[in-house]
A.B. asks: 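I'd like to ask some things about the structure below.
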2 protein chains.
Amino acid sequence: MQTLTDRSISVDGMPTEVTPVPRARAADELKQAALEQFATVGFAGTSLQHIADAAGYAKSSVLYHYGSKEALLEAAIEPAVEGFEDVLEVFLAGRGSGRRRELVDRVVDLLLEHREAVHVFLTQGQSLAELPVIARANVAVRRLASAVCEERESVDDQVRFGIAIGGAAFLLTAGRNFADESTLPSDDEMRDALRRIIAEILTPARTPSN
Amino acid sequence: MQTLTDRSISVDGMPTEVTPVPRARAADELKQAALEQFATVGFAGTSLQHIADAAGYAKSSVLYHYGSKEALLEAAIEPAVEGFEDVLEVFLAGRGSGRRRELVDRVVDLLLEHREAVHVFLTQGQSLAELPVIARANVAVRRLASAVCEERESVDDQVRFGIAIGGAAFLLTAGRNFADESTLPSDDEMRDALRRIIAEILTPARTPSN
DNA sequence: TCAGAGTCTGCACGATCGGTCAGACTCCGG
DNA sequence: CCGGAGTCTGACCGATCGTGCAGACTCTGA
């Protein structure tokens, strides 16, 4: 059925001498394919066969680069989780008036760079809580919520934070299916709009008592 | 392994004479169990065995009440989709100044009543698009987006709508894992907060130019 | 030239998947 | 007392799941 050698002799038959950019090609291709599947069909619903097919490899290759399906998930979302932890640490260490605004900007950047990964641990954080990386992510999100709401724990603050982060994650992944493909904003347009609107959501329009 | 008759003689050995409330028990129990699984682990990641276990039945019973896994999904989310279509129809037929506000209120009610179902077709609407009910849901969401944004199709409006609906759906399902269980707001508190905050998000604080 | 490391693959395995089917049980009208 | 409808189940099927493993291929340093 399948062509047995089409990959080996694929692109170039030249003496090759290390191709400059694509070091560690396969591992990254597999990881990216896995991330997209995890975000759209869920971790449990994604099979190694589908990941391998999407990336153009054999199922065995996935297990060669990542020892198990769970290890692949860990490798795929770890950078996003670490980014979250870093942003949080910087925020908690700093002080000053522009802190909250800067936190929002950094989180929006993280969302844009790691949209699939964030979507994965936000929407599947419960069912995958036994995985160490997911547990770290859950802790980070909870700490972020506390940081954003400061000491005020009102229902309003919780709702505003939940809508902001969950909404942004939705918008950048699943939400794309509900927009016209032609009208899809660029990442820069998105970044600008998200920064403004999320900051606005988290700051109740400076009407203190009302 | 399993007790063979524990269900048949379970609670009451009395003459029984139709128990008043629980008509069509099994089918509804299975549907509810399925809905929760679909929302947390995803449709593809949910097995009929898990659904049956969670509801306390055998796998065969799921297939008896619903002919297939897909039919079960359809039955589970159809009420939510129909509710969406109804709300949309009322909005499009009506006119007047309070229309948008009323639309928001009705959608929030729908979200609270069918939170798992809405979460399912919002986050898995793409991968399940071949199912008729999901296709209907996708159309309804797209029409709702147009209705909320009126004729204005700016990036801001799209972002505001996406954050509002995706954020609310996240908050009511997956987001609950990031809140203290003791602090979990009641549905009425939620309804009130969601109505106010979502209306605020969709209406850019009447600062036209700024 | 050759040994070794690194990469990728096909094949095989036990488990579990969605789905079929025949039977067992309860209930009820005749 | 009986027969049929409704409900629930275990046994079974072929396909696919995640994973282990041995081999084939390419490259590189000695």
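What you see is a predicted model; the values in this text were computed from it and never measured. First the proteins, then the strands, lettered A, B, ... as listed; each starts at 1.
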A.B. asks: Tell me, with the steps shown, if A:Arg142 and B:Asp180 meet salt bridge (Lys or Arg N to Asp or Glu O under 4.0 Å).
C.D. replies: CA-CA 9 Å; A:Arg142 241 181 288 258; B:Asp180 300 331; 5.9 Å; no
A.B. asks: Under a 4.0 Å N-O cut-off, is there an ion pair linking B:Arg196 with B:Asp192?
C.D. replies: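 Answer for the salt bridge query: yes.
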A.B. asks: Check the distance between D:dT16's P and A:Ile51's CD1 and give it to me in whole angstrom.
C.D. replies: 17 Å
A.B. asks: Does NZ or CZ of B:Lys31 fall inside the cone over B:Tyr66's six-membered ring, less than 6.0 Å from its centre and within 45° of the axis?
C.D. replies: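 Judged by the rule, B:Lys31 and B:Tyr66 form no cation-pi pair.
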A.B. asks: What integer distance in Å separates B:Asp53:CG from D:dC8:C1'?
C.D. replies: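 Rounding to the nearest Å, CG of B:Asp53 and C1' of D:dC8 are 15 Å apart.
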A.B. asks: Bend angle of the helix from C:dT1-D:dA30 to C:dG30-D:dC1 from five-pair axes at both ends, rounded to 10°?
C.D. replies: 10°
A.B. asks: Output yes when A:Asp188 and A:Arg191 qualify as a salt bridge under the 4.0 Å nitrogen-oxygen rule, no when they do not.
C.D. replies: yes
A.B. asks: Which whole-number value in Å describes the distance from B:Arg25 CZ to D:dT7 C1'?
C.D. replies: 10 Å
A.B. asks: Can you list the residues that meet the side-chain hydrogen bond (donor to acceptor under 3.5 Å, both in side chains) rule with A:Glu89, with sequence neighbours excluded?
C.D. replies: none
A.B. asks: With no hydrogens and no angle check, do the side chains of A:Asp28 and A:Gln32 hold a donor and an acceptor under 3.5 Å apart?
C.D. replies: no
A.B. asks: Are A:Phe84 and A:Phe121 an aromatic pair by the rule of ring centers under 6.0 Å?
C.D. replies: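 They qualify: ring centres under 6.0 Å apart.
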A.B. asks: Output the single nucleotide from C:dC8, D:dC8, D:dG10 whose closest atom is nearest the side chain of A:Ser61.
C.D. replies: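 Of all the options, the side chain of A:Ser61 is nearest to C:dC8.
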A.B. asks: Check nucleotides 18-21 of chain D for protein N or O atoms closer than 3.5 Å to its own N or O atoms and list the pairs.
C.D. replies:
from: D:dG18; atom 1: OP1; to: A:Thr46; atom 2: O; distance (Å): 3.1
from: D:dG18; atom 1: OP1; to: A:Leu48; atom 2: N; distance (Å): 3.4
from: D:dG18; atom 1: OP1; to: A:Lys69; atom 2: NZ; distance (Å): 3.1
from: D:dG18; atom 1: OP2; to: A:Leu48; atom 2: N; distance (Å): 2.8
from: D:dG18; atom 1: N7; to: A:Lys59; atom 2: NZ; distance (Å): 3.2
from: D:dT19; atom 1: OP2; to: A:Lys69; atom 2: N; distance (Å): 2.8
from: D:dT19; atom 1: O4; to: A:Lys59; atom 2: NZ; distance (Å): 3.3

A.B. asks: Could you tell me the separation between the CG atom of B:Asp28 and the C1' atom of D:dC8, rounded to a whole number of Å?
C.D. replies: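 Roughly 17 Å, once rounded to whole Å.
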A.B. asks: Between P on C:dC17 and NE2 on A:His50, what's the gap in Å once rounded to a whole number?
C.D. replies: 17 Å
A.B. asks: Atom OH of B:Tyr64 to atom P of D:dA11: distance rounded to whole Å?
C.D. replies: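 To the nearest whole Å, that distance equals 21 Å.
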A.B. asks: Knowing that exactly one of A:Glu74, A:Glu78, A:Glu82 qualifies, which makes a side chain to side chain donor-acceptor pair (under 3.5 Å) with A:Arg136?
C.D. replies: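 Of all the options given, the one that passes is A:Glu78.
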A.B. asks: A:His65 NE2 to C:dA5 C1': how many Å, rounded?
C.D. replies: 14 Å
A.B. asks: Taking only Lys NZ, Arg NE, NH1 and NH2, and the carboxylate oxygens of Asp or Glu, determine whether A:Asp157 and A:Arg160 approach each other closer than 4.0 Å.
C.D. replies: no
